[in-house]
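Presented below is the structure to which this report refers.
Quick caveat, the model's predicted, so the values are computed rather than measured. Excluded from the calculations below are hydrogen atoms, water molecules and symmetry mates; all remaining heavy atoms, backbone and side chain alike, are included. Just so you know, ligand 1 is whichever comes first in the structure, and atom 1 is the first atom listed for that ligand.
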Amino acid sequence: MSRFAELAIYQAPVRQTFHYAVPDELADVRVTVGQLVEVSFRTARSQGIVLALSDTSPVPHVKPILDVISPEPVVTPTQIALARWMSEATMSAISACLWLMLPPGLSKRGDSLYTLLDSNALVTNSDSVEAQALALLRERGPLRAAQIDHALPRSRWRIALEPLVRQGIVAREAVLPAPAVKARTVRTARLAIPVEQVPLALTKIKSKRQAALLTLLAETGGPLDTATILEQTGADSAVIKKLAERGLIEIGEAEQWRDPLAGKTFIPAQPPTLTPAQAACWDEIRQHIDAVHAAQGNEPGQTYLLHGVTGSGKTEIYLRAIERVLAQGRQAIVLVPEIALVAQTVQRFAARFPDRLSVVHSSLSEGEQYDTWRRARAGQIDVVIGARSALFTPLPDVGLIVIDEEHDDSYKQSPPLPPPYYHARDTAIAMMDIAHGTVILGSATPDLSTAFRAHRGDIRLARLPDRIMVHRQQLAEQAQQYPIPADRFANDEAADAMSAPLPPVHVVDMRQELRSGNRTMFSRELHTALGEVLGLGEQAILFLNRRGTASFVLCRDCGYVAKCPRCEMPLTYHGGQAQLVCHYCGFLAPQPTECPECHSKRIRYFGAGTASVEEAVKAEFPQAQTIRWDRDTTQERGAHDAILERFARGDANVLIGTQMIAKGLDLPRVTLVGVVLADTALGLPDYRSGERTFQLLTQVAGRAGRSWMGGRVVMQTYQPEHYAIQAASKHDYELFYAQEIAYRRELEYPPFKRLIRFQFHYPTALQAQREAERVAETLHRRIASEQLTATELIGPAPAFFGRIDDVYHWHILAKTTDPHTLLDGFSAKQGCYVDIDPVDIL
Ligand code: ADP
Ligand code: ZN
Ligand code: ZN
C-alpha cells in the first residue's frame, strides 16, 4: 500500500507539486491517481489532485489527505502527464493546467454526501463521535461533509465513520452539482409503428391534419422537429398529442443544431470513394494509425500536416481517420476554430457518427459542459468536436486529434485570460506523444512554424492538389436549382468526385487607379464586375480587413509605408499628437506631410470601415441589396446564423464583411469576391502581418472558388508587388513560404528564435510604464548573469492597442533561444502577463 501521494494543489499558483500522507483511516477508500481530494494547505483547506502514489516522500513532515472528494478520477493518466508537460512548456502552475481539464464549477462545489443506509445500526459507545455522527444522519437524513463539519466541529468524524462506510451502514458518495441548464433541445416526433402499417392506420384516421402528419413522418423515416412538422402540415400541437395518444407517433427530444444553410447544403452520409490524391494521403495516415494499434504502445505518436485548399477533400480524410481509430476502441477529438461558423462541418461529422459525437464550445452553460464532461469520462462519447478547450475532454483513450484550420490564432490561449498560455497545436502533439496517437493538422495556409517543421521532417507532410471538389450527386442536385455551366466541373478519376480549378484572382493596382483619376473606393475592374454580377442576379462578397485600418501611413501614389528605422516595423499614426509611434521600441517621429520616396502629398493614414463600403455600394449600384457582417452587426446571439440565412436565401446580393467571411462557408450563388483593400493588415506592427495577410486573402479568395457557378476574385491594393499579395493571388503557398521564411531568418523571428511577450496592464499609463521598466531591468540583469548572449530585449514600449477599456498596456518582447533560462525564477506580479510564443504582439 502506498503511503504517500504527490498532489497538485488548487490554491498553489506554482509549478511545484506537494506531498501528503495517505492516512491509514483512508486506506480503504483507496486513494488513487487522478482523484480530487481535500487537504489542508498552509492554513486553509484546499483541493488537490493526486498525481502519483509512492512509498517514500522527498520531504520529512507531511500532512495527511483529509478526504477523497470523488473516488472516480477526475483526470486520466494521460491528462496528468500532459499537465506536467504544459506546466513546463508554458512555465505556469501545474494546478492551472489541471483545473483547465475540469468542468467549471466542479472544483468549487465538489463535496461528499453521507447517507445512513441501516437506520437500526447501533454503535457500542454511545458517546463516541461515531455515535454522534450516526445520530445526526438519522435525524437529518443525508448530509454533505460540509454540513457534518458544521454540526460536529473539530471532531474526527470522518475517521470515525470510516468503518461504518466499510460495513455498508453508511454510504459515502461524491456529489457534484447537478447541471443547472440542459442542452438546447427541440421536441421531435417520429413514427411509433412500422412504415408498412401506416396505410392501414390512415384508413382509421378521419382528421385530415392527423393524416397529413402521419404521412409526412412516414416519408421522412426519422424523427422531425415539431416546428417543422407544424409548418409543413398546418397542424397544431393538439394534433401531435392526439396521434401520440393513439400510439401512432412518439414524441422525443433532440439536441438542436442551428444550421443557417440547412437543406441548402449537401451532406453525403455514405463515405465517398476517395480520389487518388486523397487515397495517397489516407494510406500514409492509416499506416500510422494501424501501426500504433499493432504495436500496443510501442509506436511513437506522429503528426501529419494535411495541406490542401478549402474544398480539396481534407474533411473526408479526417472522417476516415476517426472511423479507423473508433474501430480500434479509441476516441477522437476534432478542433475547429470558431464553432458558430462551422455548423456545416459539425453536421458532416454528426452525420457520420450520429450517436457518439458531442460538441463543446464556450456558449454552452456550465451545466451542459459538466454533462458532456461526465458522459465523456463514462465512455459514452467517442468523438468530441469543439474549440481549443475540447482538447481537455476526459475521454479514456484518445487516439487521434484533428486540428482543422491549424493556422488559426484562436488555438492559442492568450492574456488577459488566465494562464496557462498554451497553444492547442503543441499541446495536441504532446498529448499524442504521451498517449501514442496521431495528430492531423489541416490547413490551406499552414502556420509558418508548422510548415517549417514539416520541411524539417518532424511533421509528415500530406498534400492534396489545389482544386475544389464536389460530390457528383451534390452537383446534380444543385444543377436543378441553379444554372451551373456544364464545363465548370471536370470528372475526377474516381467515381464520386467532380473537381473545378481555383478561381482566377486579379490584382488591381490602386495607385494606377488614382493616377487615372479614379478617386473612389472601387477600381474600374471591381466596379464593372460588381455591375455584371448584380445584373445576372448573382451574389458578391466584399471583404474588408478591418484590423489595422486608420492606423498606418501609406503613400497613395507609390505605396510607401512609414517604418521604424530601428525595428523595420510599420509606424502607427496617432491622430491626437499627430505623431508616428513604433510599438516595438517606442521610437517617435513627426507625421510626414509628404512621401519621402516620391514626394507625393497624398500620404495619409488609411481607413475605411464596412459602413462606408456599404454606403459606397448603395450610391453606385441602386439595384444592390446589402448586408453587413462584422463585429457590430453580430453582437447578439444567433446573429451569425441570421445573417447567413438571409444572404443564402437571397434577401441581399452583396455581403460586406470582415474576417469572419474568410471562415469556411459554402455560399451558393457567390460568383465574385472583391477585396476592397488587401494591404491594411500589412501596416500592422506585428512580425506576423505578412503571414496573416496571406492566410486571410487566400481564404477569402477560396470563397469564390466554391461557388457552383464558378467565380472570380478582384483584389485591390496599393502594394501589388508585396509577396503576400502576389502569392495569395496565385494560390501559391510555396512562393509565400520561401519569402517569409527568408525574412524570419534574417530578422531572427520565429521559428528561428522564440519570443516571450511581457504585457503590463495597469489603470494608468505611468504605472504600466514603471512596471515594464522595472521588469526590463530585472531581465537585463538575468541576461547578464546567465550570459544569455543570444537573448535580446525589445522595448519597453506602449502596446499597439495602448489602452483598452481604461486599462493601459505596455509590453516588452524578448527574442531568445532559451525562454526557460530567462524565465526561471521569474514571478509575474498582478497586472503582468508572460506569454511564451505569443501569436499576437499588438
Ligand atoms: P475540405 O475539408 O478540404 O474543405 P471537403 O472534405 O469538405 O474538403 O471536400 C469538399 C467537397 O467535396 C465536399 O462537398 C465533399 O463532400 C466532397 N468530397 C470530398 N471528397 C470526395 C470524394 N472522394 N468524392 C466525392 N466527393 C468528395
Ligand atoms: Zn510615395
Ligand atoms: Zn522600433
Side-chain angles (χ1 to χ4, degrees), residues 265-279 281-282 306-320 334 336 342 344-345 347-349 351-352 402 404-405 440 442-444 462-475 477-478 489 491-500 511 514 553-572 580-589 592 594-604 663-666 685 687 699 702 705-706 708 718-719 794-798 800 813:
T265 317
F266 169 86
I267 296 170
Q270 290 297 315
T273 318
L274 296 182
T275 62
Q278 281 174 316
C281 292
W282 171 228
L306 187 56
H307 184 183
V309 297
T310 314
S312 59
K314 298 186 295 296
T315 307
E316 227 21 82
I317 305 274
Y318 305 155
L319 291 166
R320 297 275 164 136
V334 181
V336 289
V342 294
Q344 291 169 71
T345 311
Q347 290 213 326
R348 264 174 82 189
F349 285 87
R352 204 69 74 82
V402 171
D404 193 28
E405 310 286 354
I440 305 178
S443 179
R463 288 219 60 160
L464 288 170
D466 295 354
R467 56 185 163 171
I468 305 299
M469 238 196 304
V470 171
H471 199 287
R472 179 187 302 278
Q473 196 185 332
Q474 172 183 18
L475 203 61
E477 279 172 24
Q478 290 166 358
F489 286 89
N491 240 335
D492 225 349
E493 304 82 344
D496 295 332
M498 308 273 281
S499 71
R511 298 169 300 189
L514 200 64
V553 174
L554 176 114
C555 171
R556 294 185 75 191
D557 284 306
C558 75
Y560 162 85
V561 174
K563 288 194 175 144
C564 173
R566 299 199 289 222
C567 311
E568 278 296 304
M569 282 291 150
L571 293 168
T572 301
L580 303 183
V581 181
C582 171
H583 284 286
Y584 270 42
C585 70
F587 176 84
L588 287 173
E594 67 166 47
C595 173
E597 297 282 322
C598 73
H599 305 292
S600 156
K601 296 249 191 292
R602 277 192 288 252
I603 179 158
R604 52 165 224 177
K663 308 240 157 140
L665 290 169
D666 244 333
Y687 76 98
Q699 304 276 342
R706 300 203 80 166
W708 308 331
Y718 287 96
Q719 302 173 69
I794 310 170
F800 175 79
L813 282 177

Tell me if a side-chain donor or acceptor on Asp496 pairs with a main-chain N or O of Thr273 at a distance below 3.5 Å.
yes
One finds that the ligand 1 atoms under 4.0 Å from a non-hydrogen atom of Gly313 are 1 (P), 3 (O), 5 (P), 6 (O), 8 (O), 9 (O)
I need the Gln278 CD to Arg320 CZ distance, nearest 0.5 Å.
7.5 Å
Is any side-chain N of the basic residue among Glu316 and Arg352 closer than 4.0 Å to the acidic one's carboxylate O?
yes
Indicate yes or no: at least one non-hydrogen side-chain atom of Pro592 is less than 4.5 angstrom from one of Leu580.
yes
I want to know if ligand 1 touches Gly311 in the polar sense, i.e. an N/O pair below 3.5 angstrom.
yes
Flag the pair Val561 / Tyr718 as yes when at least one side-chain heavy-atom distance between them is below 4.5 Å, and no otherwise.
no
Per-atom contacts, ligand 1 versus Thr315 - under 4.0 Å to a heavy atom
1 (P), 2 (O), 6 (O), 7 (O)
Can you name the atoms of ligand 1, numbered from 1 with element, that are less than 4.0 Å from a heavy atom of Thr275?
23 (N)
Just the protein N/O/S atoms under 2.8 Å from the Zn ion (ligand 2), please, no waters.
Cys555 SG, Cys558 SG, Cys595 SG, Cys598 SG
Just to be sure I'm reading this right: ignoring hydrogens, which of Arg348, Gln278, Lys314 gets closest to atom 7 (O) of ligand 1? Compare them by their nearest heavy atoms.
Arg348
With rounding to the nearest 0.5 angstrom, report the OG to CZ distance, Ser600 to Arg511.
11.5 Å
Strictly under 4.0 Å, does any heavy atom of Ser312 approach an atom of ligand 1?
yes
Tell me whether Val309 reaches ligand 1 (any heavy atom closer than 4.0 angstrom to a ligand atom).
yes
Heavy-atom donor-acceptor pair, His307 side chain to Leu464 backbone, under 3.5 Å:
no
Atoms of ligand 1 close to Thr273 [distance to a heavy atom under 4.0 angstrom, numbered from 1]:
22 (C), 23 (N), 24 (N)
To the nearest 0.5 Å, what is the distance between CZ (Arg602) and SG (Cys558)?
11.5 Å
When rounded to the nearest 0.5 angstrom, what distance separates CG in Asp557 from CD in Glu594?
11.5 Å
Member of Ile317, Leu274, Ile440 meeting the side chain to side chain contact (heavy atoms under 4.5 Å, CB included) criterion with Cys281:
Ile317
Search all heavy atoms of Glu597 against all heavy atoms of Tyr560 and return the closest pair with its distance.
CG-CD1, 3.3 Å
Tell me which part of Leu464 gets within contact of ligand 1: side chain, backbone, both or neither, using heavy atoms under 4.0 Å.
neither
CZ (Phe349) and CG (Asp404) are apart, to the nearest 0.5 Å, by 7.0 Å
Separation between OG of Ser312 and CZ of Arg463, rounded to the nearest 0.5 Å
9.0 Å
Find out whether Tyr318 and Val334 are in side-chain contact, i.e. whether some heavy atom of one side chain is under 4.5 Å from a heavy atom of the other.
no
What protein atoms of element N, O or S are positioned under 2.8 Å from the Zn ion (ligand 3)?
Cys564 SG, Cys567 SG, Cys582 SG, Cys585 SG
Considering only heavy atoms of Thr310, which atoms of ligand 1 have at least one such atom less than 4.0 Å away?
4 (O)
